[in-house]
Amino acid sequence: EGGRRTERRCSVEVSVQPGTVRHGAAACLPVSVCVCESSTNVCLCLSVSRQNLKNVSILCNYVHLQKLELPYNKIRDLSCVSHMPYLIILDASHNELSDFFGFEPPKNLKEVNFSHNHLSVMKDLSTYTSLSKLNLDYNSFSEIRGLEKCSNLIHLSIAHNKISHISGLDKLPLRHLSLRGNLLKKIENLQTLWALQFLDLSYNRIQSLSGLQNLHLLGSINLESNLEKPEHRLAVIFLLQHLTHLDEQAVTAQEKVSAVNKYDPPQEVVAARDHMTHVVFQHMQPQIIFDSTLPNLETPYPILVLTGPQACGKREIAHKLCQEFSHYFAYGASHTTRGPYFGEEDCFDYHFVLDEEFQNMIHMGNFVQTIQYGGHWYGLSREAIESVAREGLACCVHMELEGVYSMKHSYFEPRYILLIPTRTDEYISRMKARGLYSKRQIDTAVSRINLYVRVNKEQPGFFDSVIPCDNREEAYSTLRQLVQEYLGLEEQGTEVGDSTRTIPDHAPTDMSSKYQTTENAEANPTDSYNRNYRSKVQACLSPQKTSAELASIHRRQQMVGEALMGRSPGAYTQLFKRHVPIAPSLVAPQMHPGHSSSLIPTFGCPLPDLSDDSSSEESRASSGLSMHSSAGVLSVRSPAAGLDTGSGPRAEPLGVSMLGQNLESLKGKIDVTETGLTPDAPHLGPEQVSPTLATSTGRPGSRARPVLPPIPTGRKATDTGPRP
Ligand SMILES: Nc1ncnc2c1ncn2[C@@H]1O[C@H](COP(=O)(O)OP(=O)(O)OP(=O)(O)O)[C@@H](O)[C@H]1O
């Protein structure tokens with residue numbers, strides 16, 4: 001007993017602990033409690049737990065009670081509460097009540113705990129307007145109802161009942177709702193619970209997460225023991241990105257990122273995954289040196305990518321460009337699983353393949369990038385690039401933005417030209433006129449215009465140049481102009497189709513300096529000075545070569561010169577030999593066509609132990625090191641010689657004047673010190689080279705000198721401009 005005496009009366013808090021009273025009396029309340037109400041004393045709080053109380057009718061006299069706690073008794077009737085108009089808190093949990101709120105409502109009743117009783121039917125509680133917390137756990141309710149007018153109810157727990165549908169909660173100001181351990185199969189009718197912060201739906205039979213939308217304040221949700229799927233955690237975190245707790249565990253930032261990456265990955269993530277996929281599958285194949293990486297590892301193979309929304313004309317423009325600049329560019333046809341449109345040619349517009357074949361190609365590591373667009377797969381194969389590189393030409397391709405993102409992860413360093421429609425109506429009309437597209441496809445394509453515009457705006461330099469494509473002719477002529485400047489054709493007043501001219505040695509790599517970011521390009525569209533200036537700056541910045549390096553370079557230049565002149569077919573001639581059949585043992589059955597001649601294990605993979613000279617000879621030949629094979633070759637190709645796709649460098653193709661004219665540029669291209677080619681290799685005769693291949697791992701630092709160049713490191717981080 002205790003209390004506080006006021007002028008007129010004493011308020012008393014009574015707490016009766018188990019074992020302090022006798023059992024068996026009709027009204028089992030302790031005498032002390034009975035006497036505490038008098039003219040001067042009133043009882044405001046009464047707590048009697050675990051007394052096996054059955055009849056509490058005597059409490060009718062306790063009209064001043066504000067808090068009544070009677071848990072763990074055997075009470076079946078609580079009608080005495082009707083006489084307690086000031087009651088605020090009532091705890092009648094763990095009793096034997098079957099009558100739901102069987103008393104007149106105390107006006108200020110705020111908190112009620114009826115958990116662990118035998119209640120089964122909820123009744124209208126509209127007169128309990130002050131009710132803010134209601135606990136009905138462990139009863140037998142099968143339906144929620146009667147709460148509609150409880151406009152102050154913020155905490156409701158009806159866990160472990162038999163509720164099979166969520167209903168009757170519309171617009172309640174609930175912040176905490178527990179429906180744990182019911183028979184719920186779906187999450188429904190929660191959308192209007194705008195204030196909900198905590199939701200416990202654990203131990204139900206819920207299979208879908210739908211129904212959780214629009215709960216913007218929901219910070220904690222428990223869905224434990226519901227969904228079968230183990231990954232439901234991420235799904236929920238994705239759906240409710242403001243969650244702080246899920247299944248009683250804090251949601252980490254890492255989980256939030258993983259969830260977004262899983263269910264709505266940003267383009268960068270999709271592209272990174274695409275790239276990873278192709279790199280991994282490609283690395284699972286026998287390693288080879290590609291024509292597009294040669295002859296200078298420092299020099300990116302020139303690729304021109306036209307991008308923009310579907311049907312903006314990029315394919316048509318790409319074909320036209322390759323036709324007009326056929327001595328410089330060839331079209332790299334992608335693979336697609338969509339069927340050909342009328343008039344489209346297999347291998348010319350696309351390589352049309354079935355889905356299965358496309359998937360096989362992915363698993364064989366054949367692609368550089370792939371995307372899914374409009375329900376079909378598209379992918380640029382390595383072979384598409386290689387086949388152009390083998391011709392000694394630069395590759396021109398077209399692709400959607402996602403493809404560009406993926407390409408940017410690869411070691412290729414293309415120049416990207418965005419062709420963008422600026423007059424949407426015309427764009428739509430043109431698409432309609434083609435008669436190929438559904439309204440949905442047109443809408444998608446149109447909506448993607450903004451995507452391109454946004455990327456261009458938010459990531460300056462993402463596209464090297466932007467060309468409006470409303471008028472195809474104008475778009476082509478702008479692109480043509482850019483390409484001519486890049487090729488230096490205008491400067492030298494050379495006809496486009498004149499294949500006798502040479503491309504300046506900076507050309508293949510120098511698109512970066514020409515196709516500056518959009519802004520730069522606009523500011524200075526035709527400045528060749530920039531280009532030359534940059535070369536000079538680079539020359540100055542390049543580290544001085546030691547006398548040993550200079551001597552080595554000199555030796556190799558001499559060797560190459562001689563090889564090109566048709567003299568002295570030394571080691572390099574042998575090494576540069578290409579398209580020689582390789583030892584069958586080296587040919588993996590899954591090797592894709594076109595590479596059969598250039599298979600060699602390298603780039604850190606141990607070379608096979610070739611036991612006889614002939615196989616090592618073949619391996620050397622198969623290194624694919626070809627001076628005719630890539631961008632750099634453009635500077636030494638003779639039109640008269642035509643395309644050499646045959647066996648190695650030819651003795652005659654270059655006239656002496658050509659050679660003299662281009663030797664300087666060639667020097668840069670075969671700068672072995674910088675490319676990592678073995679400095680002394682030219683001194684080795686074939687017999688000396690063979691054992692090297694036969695026994696060496698080919699790695700730098702191994703006993704014998706490596707024949708193949710190491711992987712260039714940090715190429716992207718350094719300037720990729722022309723070498724002085
Ligand atoms: N390898 C690729 N990677 C990414 N996107 C690609 C690739 N190949 C083609 N695409 C793009 O996929 C989109 C759909 O190609 P599709 O050929 O079906 O369209 P289209 O109606 O003929 O339009 P377009 O004239 O632009 O090619 C086009 O924007 C195309 O540029």
Side-chain angles (χ1 to χ4, degrees), residues 267 270-271 273-275 277-278 303-322 331-353 355 357-359 361-362 366-388 395-410 412 414 416-421 426-452 455 463 467 469-470 472 475-476 479:
Q267 264 167 348
V270 176
R273 276 193 203 134
D274 181 62
H275 176 64
T277 305
H278 302 310
I303 301 183
L304 181 61
V305 174
L306 302 185
T307 184
Q310 183 177 24
C312 69
K314 51 193 183 305
R315 180 143 53 109
E316 175 191 326
I317 289 176
H319 276 306
K320 200 165 170 183
L321 189 82
C322 294
Y331 182 78
S334 284
H335 282 67
T336 181
T337 56
R338 83 149 163 78
Y341 297 144
F342 180 76
E344 282 183 339
E345 275 178 48
D346 193 17
C347 302
F348 178 72
D349 291 297
Y350 283 106
H351 299 278
F352 295 100
V353 292
D355 201 63
E357 192 180 338
F358 196 94
Q359 296 308 320
M361 287 182 70
I362 292 180
N366 289 166
F367 286 114
V368 174
Q369 56 76 224
T370 53
I371 69 157
Q372 276 181 290
Y373 184 89
H376 303 292
W377 282 94
Y378 294 84
L380 182 62
S381 71
R382 194 167 289 279
E383 178 54 22
I385 298 174
E386 284 297 290
S387 60
V388 176
C395 188
C396 178
V397 298
H398 63 93
M399 61 181 62
E400 286 282 343
L401 185 62
E402 290 78 358
V404 172
Y405 270 110
S406 187
M407 264 320 256
K408 286 197 176 216
H409 282 293
S410 74
F412 290 110
Y416 300 96
I417 310 289
L418 170 61
L419 294 169
I420 192 82
E426 285 178 24
Y427 176 58
I428 295 173
S429 310
R430 194 174 289 123
M431 280 192 92
K432 282 185 179 161
R434 280 184 85 179
L436 295 170
Y437 312 109
S438 66
K439 179 166 180 323
R440 197 151 156 246
Q441 285 173 310
I442 295 176
D443 289 346
T444 306
V446 170
S447 72
R448 288 174 61 84
I449 296 177
N450 278 341
L451 186 66
Y452 283 93
V455 170
F463 304 110
I467 300 176
C469 63
D470 307 304
R472 298 280 159 88
Y476 179 72
L479 178 65

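Counting begins at 1 with the first residue of the sequence. Counting starts at 1 for both ligands and their atoms, following the listed order.
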For this session: Please round to the nearest 0.5 Å and tell me the distance separating atom OG1 of Thr444 and atom NZ of Lys439.
Result: 9.5 Å
Exercise. Quick check: does Arg315 get an N/O under 3.5 Å from an N/O on ligand 1?
Worked result: yes
Exercise. Where on His376 is there a heavy atom closer than 4.0 Å to ligand 1, on the side chain, on the backbone, on both, or on neither?
Worked result: neither
For this session: May I ask which of Gln369, Arg448, Met399 has a heavy atom nearer to atom 1 (N) of ligand 1 than the others do?
Result: Gln369
Exercise. With no hydrogens and no angle check, do the side chains of Glu400 and Gln310 hold a donor and an acceptor under 3.5 Å apart?
Worked result: no
For this session: Report the part of Gln310 in contact with ligand 1, treating N, CA, C, O as backbone and CB onward as side chain, heavy atoms under 4.0 Å; options are side chain, backbone, both, neither.
Result: both
For this session: If you have a sec, work out which protein heavy atom is nearest atom 11 (C) of ligand 1 and how many Å separate them, to one decimal?
Result: Glu400 CG, 3.6 Å
Problem set entry | Sub-4.0 Å atoms of ligand 1 with respect to non-hydrogen atoms of Tyr341 | 18 (O), 21 (O), 22 (O)
For this session: With atom 14 (C) of ligand 1 as the reference point, say which of Tyr405, Phe367, Tyr378 has the nearest heavy atom.
Result: Tyr378
For this session: Provide the number and element of each atom of ligand 1 under 4.0 Å from a heavy atom of Leu380.
Result: 1 (N)
For this session: Please report which non-hydrogen protein atom sits nearest to atom 8 (N) of ligand 1, along with the residue it belongs to and the distance in Å to one decimal place.
Result: Ser334 OG, 3.5 Å
Exercise. Given that the side chain starts at C-beta and the backbone is N, CA, C, O, which of these parts of His335 lies under 4.0 Å from ligand 1, counting heavy atoms, or is it both or neither?
Worked result: neither
Seminar exercise, completed: among protein heavy atoms, the one nearest atom 20 (P) of ligand 1 is Tyr437 OH, 3.5 Å
Exercise. How about Tyr405 and His275: does a side-chain donor come under 3.5 Å of a side-chain acceptor?
Worked result: no
Problem set entry | N/O donor-acceptor pair under 3.5 Å between Lys314 side chain and Leu418 backbone | no
Problem set entry | For Gly379, atoms of ligand 1 separated by under 4.0 Å from a heavy atom | 1 (N)
For this session: Kindly compute the distance separating OH (Tyr437) from CE (Met431), expressed to the nearest 0.5 Å.
Result: 5.0 Å
Problem set entry | Under 3.5 Å donor-acceptor, Ser406 side chain and Gly403 backbone | no
Exercise. Considering only heavy atoms, does Glu316 approach ligand 1 within less than 4.0 Å through its side chain, its backbone, both, or neither?
Worked result: neither
Problem set entry | N or O pair under 3.5 Å between Ala311 and ligand 1 | yes
For this session: For Arg472 and Cys312, indicate whether the former's side chain and the latter's backbone hold a donor-acceptor pair under 3.5 Å.
Result: yes
Exercise. Got a sec, which residues hit side chain to side chain contact (heavy atoms under 4.5 Å, CB included) with Phe348, two or more places apart in sequence or on another chain?
Worked result: His319, Glu345
Seminar exercise, completed: The closest protein heavy-atom partner of atom 15 (O) of ligand 1 is Tyr350 OH, 3.2 Å
Exercise. Do any nitrogen or oxygen atoms of Glu344 come within less than 3.5 Å of a nitrogen or oxygen of ligand 1?
Worked result: no
Exercise. Do side-chain atoms of Asp346 reach the backbone of Phe352 as a donor and acceptor pair under 3.5 angstrom?
Worked result: yes
Seminar exercise, completed: So the ring-ring contact (aromatic ring centres under 6.0 Å, His included) pairs with at least one residue in residues 367-388 (sequence neighbours excluded) are His335-Phe367, Tyr350-Tyr378, Phe358-Phe367, Phe358-Trp377
For this session: Check the side chains of Ser381 and Asn366 for a donor-acceptor pair under 3.5 angstrom, ignoring hydrogens and angles.
Result: no
Exercise. Does ligand 1 have any atom sitting under 4.0 Å from a heavy atom of Glu402?
Worked result: no
